[in-house]
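Note that this is a predicted model, so its numbers are computed, not measured. Whatever order the structure lists them in is the order used to number ligands and atoms, beginning at 1.
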Amino acid sequence: MEKCMKDFARPTVVVSECLGFAPVRYNSRVIPDAFVSSLGKYVDYVTVCPEVGIGLGVPRKPVRIVSWKGGDRRLIQPETGLDFTQDMLDFSERFLSSLGEVDGFIMKRGSPSSGIKEVKIYPSTEKVAAIARGAGLFGGQVLLRFPELAVEDEGRLTNFNIRETFLTRVFAHAALRRVLKTVRMKDLVDFHASNKLLLMAYSQKELRILGRLVANPENREPQKLASDYERHFNLALASTPRRTSNINVLMHSLGYFKRELGVKEKSHFLDMLDLYRKGTVPLVAPSMLLKSWAFKYESDYLLSQSFFRPFPEGLVSERDSGKKIEP
Ligand code: SF4
């Protein structure tokens with residue numbers, strides 16, 4: 001696989017086409033998104049507009065999700081009364097089953113077709129308030145079909161914690177795919193070694209299972225072992241790491257410099273950790289501090305860890321809101 005930087009595999013990400021690619025919105029608009037645009041330098045995008053995919057033109061009358069009397073959720077065009085539910089489900093099946101290997105999805109927030117969360121569900125086609133929230137029709141199928149992948153919308157990705165987790169998962173997934181193309185035992189062992197701290201943050205349980213797998217006491221075929229490794233690696237990365245788990249990894253890493261650092265440096269680091277604990281700064285802030293000590297004191301082990309460079313620099317910045325959005 002082509003590398004996007006010195007040592008990053010280049011992920012493939014499916015993205016809603018209206019997010020800066022083409023004017024496919026119902027009102028012929030395009031919605032530029034700064035993050036989607038800057039990520040484009042490091043990933044290959046596969047664009048999709050499910051409403052255009054089912055033959056609705058541009059411009060078109062809007063659709064919405066209607067749940068009559070709390071029953072089935074249907075995709076309806078209020079102005080015409082047409083029901084596009086089956087068309088959308090058929091399109092989802094066709095499109096998603098024809099996708100090659102992908103590492104993540106960025107969907108349009110709030111869309112009755114593409115949204116993955118918080119999409120308004122109406123009780124009728126009249127001008128009434130929404131009665132519930134949920135996934136859009138296509139977005140819901142993405143979630144069902146790719147439970148192991150990072151799937152987000154552009155609104156949630158303005159939160160730097162959600163963005164960091166999304167990018168970490170996408171780049172880790174692509175890196176493992178690259179290793180599994182050849183399935184050499186040594187590559188898998190090296191991959192595991194360089195992801196130890198990352199896995200420690202995401203899931204101690206899966207870290208132990210993965211460690212036993214690569215130790216390979218039964219001398220299993222690399223091919224068979226690789227599919228188990230992939231399953232457990234994806235399981236490990238399926239949940240968002242708790243802030244306290246990241247702090248544990250950072251404290252563990254600080255231990256590598258206990259002799260080198262002075263009281264003031266340690267106290268500055270602990271202050272930074274406190275800001276991270278409170279959600280004032282992103283994980284990258286204390287991580288960068290540790291990384292600069294890893295360079296200074298030549299800690300090859302820490303420098304080899306994906307935890308300290310899970311994705312290319314510059315994709316999470318102080319311009320991100322950091323506002324709290326429930327995961
Ligand atoms: S939200 Fe989805 S369906 Fe609507 S214009 Fe964007 S890509 Fe197309």
* Before accepting this row, confirm whether a basic side-chain N of the pair Lys117/Asp153 lies closer than 4.0 Å to the acidic partner's carboxylate O. => no
* Does some non-hydrogen atom of Arg60 fall short of 4.0 Å from ligand 1? -> yes
* Asked: Centres of the Tyr42 and Phe8 rings: under 6.0 Å?
  -> no
* Provide the full list of salt bridge (charged side-chain N to carboxylate O under 4.0 Å, His left out) pairs with a residue in residues 72-93, sequence neighbours left out, each pair given once. => Lys61-Glu79, Asp72-Arg74, Arg74-Asp83, Glu93-Arg145
* Structure fact -> Any protein N, O or S atom under 2.8 Å from atom 8 (Fe) of ligand 1? Found Cys49 SG
* Would Glu152 and Arg169 pass as an ion pair if we require N to O under 4.0 Å? -> no
* Asked: Are Asp228 and Lys224 ion-paired here, with the side-chain N under 4.0 Å from a carboxylate O?
  -> no
* Structure fact -> Scanning both residues in full, the closest heavy-atom pair of Asn195 with Ser306 reads OD1-OG, 2.6 Å
